[in-house]
Amino acid sequence: MSETTKPLNFIERIVEDDLSNGKVTQVHTRFPPEPNGYLHLGHAKSIWLNFGLAQRYGGVCNLRMDDTNPAKEDEEYVESIQRDVQWLGYQWEGKVRYASDYFDQLYAWALYLINHGKAYVCDLSAEEMRQYRGTLTEVGKDSPYRNRTVEENLALFEKMRSGEFEEGACALRVKIDMASPNINLRDPVIYRIKKASHHQTGDKWCIYPSYDYAHGQSDAIEGITHSICTLEFEDHRPLYEWFIANLPVPATPHQYEFSRLNVNYTVTSKRKLKQLVDEKHVDGWDDPRMPTIAGMRRRGFTPKALRDFCEMAGVTKVEGVVDISMLEHAIREDLNTNAPRAMCVLQPLKVVLLNYPDTKTETVLGHNHPQNEAFGTRTLPFSREIWIEQDDFREEANKQFKRLVLGKRVRLRSAYIIEAVKAIKDEQGNIVEVHANVIEDTLGKDPADGVKAKGVIHWVDARSSVDCEVRLYDRLFTDVAPDAGGKNFLDYMNPNSLVILRGCKAEVNLAHSDKDTRYQFERQGYFIQDAQDSTPDHLVFNRVISLKDTWEKSAEA
RNA sequence: UGGGCUGUCGCCAAGCGGUAAGGCACUGGAUUUUGAUUCCAGCAUACCUAGGUUCGAAUCCUAGCAGCCCAGCCA
């Protein structure tokens, strides 16, 4: 083992142990979302963990809809889930599974428990059941229905199944221990009456199994070896194991828990994300500011960046909060090496090159990637009028300012060095145009007089430029932990999370660019056309992430 | 105050009795036709606290402290 080997996380260690001592011959995991909402960053980690683990150890991973509660679920979500998993780069084993595929088996096992005197139909109301359950510090007491005979329970359960009872009238409970310090073991409900039609099974059932009853047995049916879930299910593990031990299941899966992913400056709770969508604080589940997989995809994040981020954050049982800068680093790292460069002026200021003939147009060569020649080159038209960024010109400035200043020189990226001679202003004193001169023979070389340019700025040829709309996204919340404590996360929404810029000037090459290509607009950031709104006639670019800007930071003082 | 889990740099995170990896962030400096990238350097005498065991403890023991989760016929 070399010293550069990445240390294993605790789950990988368990898997390797199980593999080496023969406890399992092939790793089989599963990603089990409930189809009641869109997947988000937190799910991305679970997907990465479950599918990644299987991939790394030569195993397989199932995709299973945990659809035991028809009241909250919808087919729309089962479709989005599949799209998101595949987009992240993973493929599940066989067909998509549903917990509802096992309703018949689960029902048969419920009968088995009844027949073995381990389950009973309880007529206590929800309120009564809560009282009987006891509290965190007081033991519960047995339900008066706990000792019904097998025959009685069988008959009652059949009536539940056939729809003879109203919702809430009774429930099937498993007989464990009302005095257990673990409340999950105080005779939990395993079947409840819900007269709702199910997105997969229609109206076949009016009783549905609970999560606890369905999950482990589904794992057993599918031959899952490592059932990975989040920390809040730790207390459920004894129950998970109880079912596996008390039912004639075909396998003995094991549950392991890791801490869910939390990222600062954002919220990842289906409830809150749904609220943002329902109350129209954002544009929908795929709003580019949303931490949903659909949102991040539209924003322009890459699957690889998301996977790398999950890996960077690690797998432990510590409930921490990962800094969003780690996510930003992951996407910048990927895009820096993989995004071709282009130029686009976001807030245009016209520069007229006085000594450049109005009739002339030449082409200069631009490198599509400064560190990778394989990206090739492209041609850029160059003529008398060009656009530069308003921020890149000042009438006067200190020596820190490495851009265009009146009477001083600056290099136009991939083109000439120019020298500003005059600022044209409107009545209000706003600079509306700059006059400048091209320094002769500076294409690819320093000026003959030895007076070098102070810096390099991007530009776009005015005559050939293409207008476009650019959407600048920033974090959705201004607070590090918008949903912490008793805070109302809506109070911390960033009013500038979306800034729309119109009339931006893109280099011609972008007019017929591939819609899925992420570009680096030099000196600006990484951009991708909006999948929804961008058309050849009206280009719309989303900013995935800005470039790091150490100057802007230090200049704020 | 019952049970379960967790506490190592600002944030993640290695470490598993032999004298504190790495990443993010940050700070210097070098290179640069992107104030980007890259590079190089710096960044915990210290591991929740207090005792103890040991030649030696972040790692073992004891006692505390702090945080998170559990009283849905949600998942």
Side-chain angles (χ1 to χ4, degrees), chain A residues 3-4 6-9 32-34 36 66 68-69 71-72 122 124-126 129-131 133-140 167-173 180-186 188-194 207-208 210-212 214-215 229-238 257 259 264 270 309 311-330 332-333 336-337 341 343 367 369-371 400-403 410-415 417 442 444-446 452-453 455-458 520-525 546-555:
Chain A
E3 43 198 345
T4 52
K6 205 181 159 295
L8 300 177
N9 64 50
E34 182 187 15
N36 68 344
D66 211 342
T68 56
N69 188 352
K72 295 187 173 180
C122 182
L124 252 26
S125 69
M129 204 181 284
R130 180 162 7 112
Q131 276 157 11
R133 189 155 34 227
T135 68
L136 295 178
T137 52
E138 299 163 41
V139 299
E167 284 190 16
C170 53
L172 185 68
R173 294 225 260 168
S180 173
N182 181 343
I183 292 182
N184 293 121
L185 263 22
R186 317 239 264 228
V189 167
I190 64 169
Y191 262 98
R192 71 293 207 193
I193 300 167
K194 269 186 192 295
I207 55 172
Y208 292 94
S210 64
Y211 163 84
D212 285 308
H215 205 94
C229 62
T230 42
L231 252 31
E232 67 269 28
F233 292 103
E234 253 171 337
D235 289 343
H236 295 241
R237 190 175 353 121
E257 312 85 16
S259 56
N264 60 18
K270 275 188 193 170
F309 169 64
E311 172 129 27
M312 249 182 258
V315 179
T316 65
K317 299 184 72 140
V318 183
E319 294 194 71
V321 180
V322 176
D323 199 304
I324 193 150
S325 67
M326 211 187 269
L327 210 209
E328 295 174 345
H329 170 78
R332 285 195 182 105
E333 188 177 52
N336 176 51
T337 73
R341 316 283 122 132
M343 290 196 284
H367 290 267
H369 194 111
Q371 279 86 34
Q400 311 297 329
F401 191 76
K402 306 202 300 181
R403 308 174 186 183
V410 80
R411 166 133 246 150
L412 296 177
R413 168 118 251 229
S414 304
I417 287 175
T442 51
K445 50 178 97 159
D446 286 332
K452 295 184 181 177
V456 182
I457 63 172
H458 60 281
Q520 182 196 101
F521 288 173
E522 295 203 69
R523 300 210 310 135
Q524 217 81 236
S546 67
L547 246 32
K548 268 179 88 172
D549 191 347
T550 49
W551 186 73
E552 193 100 47
K553 278 182 192 166
S554 61

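Just so we're on the same page: letters track the sequence lines, and every chain starts at 1. Since we're looking at a predicted model, the values are computed, not measured.
Closest to the side chain of A:P370, from the set B:rU34, B:rA75, B:rG72, is B:rU34. When each of B:rU37, B:rA75, B:rG72 is scored by its nearest atom to the side-chain atoms of A:S210, the top-ranked nucleotide is B:rA75. Closest to the side chain of A:P181, from the set B:rG2, B:rA13, B:rG72, is B:rG2. Among the nucleotides B:rU33, B:rA75, B:rC12, the one closest to any side-chain atom of A:A313 is B:rC12. Nearest to the side chain of A:D235, among B:rC24, B:rG4, B:rA14, sits B:rG4. Proximity note for A:A126 (side chain, C-beta onward) versus B:rC73, B:rA71, B:rC74: the nearest is B:rC73. Of all nucleotides listed (B:rU34, B:rC73, B:rC70), B:rC73 comes nearest to the side chain of A:A171. Counting only heavy atoms from C-beta on, A:M312 has its side chain closest to B:rG23 among B:rG23, B:rA75, B:rA71. Closest approach to the A:N184 side chain among B:rC70, B:rU37, B:rC73 is made by B:rC70 (side chain taken as heavy atoms from C-beta onward). Closest to the side chain of A:D323, from the set B:rA75, B:rA25, B:rC11, is B:rC11.
B:rC40 and B:rC24 have their P atoms separated by 13 Å, given to the nearest Å. Nucleotides B:rC65 and B:rA25 have their C1' atoms positioned 30 Å apart, rounded to a whole Å. If you take atom P in B:rA44 and the same atom in B:rA20, they sit 12 Å apart, rounded to whole Å. To the nearest whole angstrom, the two C1' atoms, one in B:rA63 and one in B:rC55, are 26 Å apart. Rounded to whole Å, the C1' atom of B:rU1 lies 15 Å from the corresponding atom of B:rC70. For the C1' atom pair drawn from B:rG23 and B:rC68, the interatomic distance equals 25 Å after rounding to whole Å. When the P atom is compared between B:rC48 and B:rA13, the two are found 14 Å apart, to the nearest whole Å. Taking atom C1' on both nucleotides, B:rU27 is separated from B:rC43 by 8 Å, rounded to a whole Å.
A search for ring pair (Phe, Tyr, Trp, His ring centres under 6.0 Å) contacts involving A:F309 returns nothing, not counting sequence neighbours. Shown here are the side chain to side chain contact (heavy atoms under 4.5 Å, CB included) partners of A:Y211, two or more places apart in sequence or in another chain: A:D66, A:H215, A:F233.
Nearest heavy-atom pair across A:K72 and A:N36 is O-CB, 3.3 Å.
Within the 4.0 Å cut-off from OP1 or OP2 of B:rU38, not a single side-chain nitrogen or oxygen of A:R332 is found. Between A:K402 and B:rU34, a side-chain N or O to OP1/OP2 separation shorter than 4.0 Å is absent. Close to B:rA13, at under 4.0 Å from its OP1 or OP2, lies a side-chain N or O of A:T316. For B:rC73, the OP1/OP2 oxygens have no side-chain nitrogen or oxygen of A:R173 closer than 4.0 Å. Neither OP1 nor OP2 of B:rC5 sits under 4.0 Å from any side-chain N or O of A:R237. Under 4.0 angstrom from either OP1 or OP2 of B:rC24 there lies at least one side-chain N or O belonging to A:H329. Remark: A:R192 is in phosphate contact with B:rA75, judged by side-chain N or O atoms under 4.0 Å from OP1 or OP2. Contact between the side-chain N/O atoms of A:R186 and the OP1/OP2 oxygens of B:rA71 is not found at any separation under 4.0 Å.
Protein atom CE of A:M326 is 15 Å distant from nucleotide atom P of B:rG22, rounded to whole Å. If you measure from atom CD of A:Q524 to atom P of B:rA36, you get 14 Å, rounded to the nearest angstrom. When rounded to the nearest whole Å, the span between CD of A:E319 and C1' of B:rC12 equals 14 Å. Rounded to whole Å, the distance from CD on A:E328 to P on B:rC11 is 18 Å. Put simply, NZ on A:K72 is 12 Å from C1' on B:rC73, counting in whole angstrom units. The separation between A:N264 atom CG and B:rC11 atom P is 11 Å, rounded to whole Å. When rounded to the nearest whole Å, the span between NZ of A:K317 and C1' of B:rA13 equals 17 Å. To the nearest angstrom, C1' of B:rG35 lies 8 Å from CZ of A:R523.
Between the side chain of A:H236 and the base of B:rA75, a donor-acceptor pair under 3.5 Å is found. A donor-acceptor contact under 3.5 Å is formed by the side chain of A:Q520 with the base of B:rU34.
The aromatic ring of A:Y211 does not sit over the base of B:rA75; the criterion of centres under 5.5 Å apart with planes under 30° is not met.
If you check every strand for non-hydrogen atoms under 4.0 Å, A:G320 touches sugar and phosphate atoms only. Using a 4.0 Å heavy-atom criterion, one finds that A:G455 contacts no nucleic acid atom at all. Across all strands shown, A:L124 has heavy atoms under 4.0 Å from base atoms, whether or not it also approaches the sugar-phosphate. Within the nucleic acid shown, A:R133 comes within 4.0 Å of sugar-phosphate atoms alone, with no base atom in reach, counting heavy atoms only.
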Any chance you could lay out the side-chain contact (heavy atoms from CB on, under 4.5 Å) test for A:M129 and A:R173, step after step, and finish with the verdict? CA-CA 11 Å; A:M129 204 181 284; A:R173 294 225 260 168; 3.7 Å; yes

Evaluate A:L124 against A:Q131 for side-chain contact (heavy atoms from CB on, under 4.5 Å), listing each step before the verdict. CA-CA 10 Å; A:L124 252 26; A:Q131 276 157 11; over 6 Å; no

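A 3.5 Å limit on both hydrogen-bonding distances identifies no Watson-Crick or G-U partner for B:rU1. Within the shown strands, nothing qualifies as a pairing partner of B:rC73 under the Watson-Crick or G-U definition with both distances less than 3.5 Å. Nucleotide B:rU27 forms a Watson-Crick or G-U wobble pair with B:rA41, both donor-acceptor distances falling under 3.5 Å. Across every strand in view, B:rU62 sits in a pair with B:rA50 that passes the Watson-Crick or G-U test at under 3.5 angstrom. Nucleotide B:rA20 has no partner under the Watson-Crick or G-U criteria, as no pair reaches both atom distances under 3.5 Å.
When atom types are taken as modelled, the side chain of A:R341 and the backbone of A:E522 share no donor-acceptor pair closer than 3.5 angstrom. Of the possible donor and acceptor atoms, none in the side chain of A:R332 sits under 3.5 Å from a partner among the backbone N and O of A:G525.
Using a 90° window around 0 for the glycosidic torsion, B:rG72 falls inside it and is classed as syn.
Put simply, CD1 on A:I324 and NE2 on A:H329 are 14.5 Å apart, with the number rounded to the nearest 0.5 Å.
For A:S259 and A:L136, each mapped to the nucleotide of RNA chain B holding its nearest heavy atom, the one lying further toward the 5' end belongs to A:L136. Along RNA chain B, the nucleotide nearest A:T68 and the nucleotide nearest A:V315 are compared for position; the residue whose nucleotide lies closer to the 5' end is A:V315.
Defined by atom type and a distance below 3.5 Å, a donor-acceptor pair is missing between the side-chain atoms of A:N182 and A:S180.
A:E34 and A:K270 are not joined by a salt bridge, as no carboxylate oxygen comes within less than 4.0 angstrom of a charged side-chain nitrogen.
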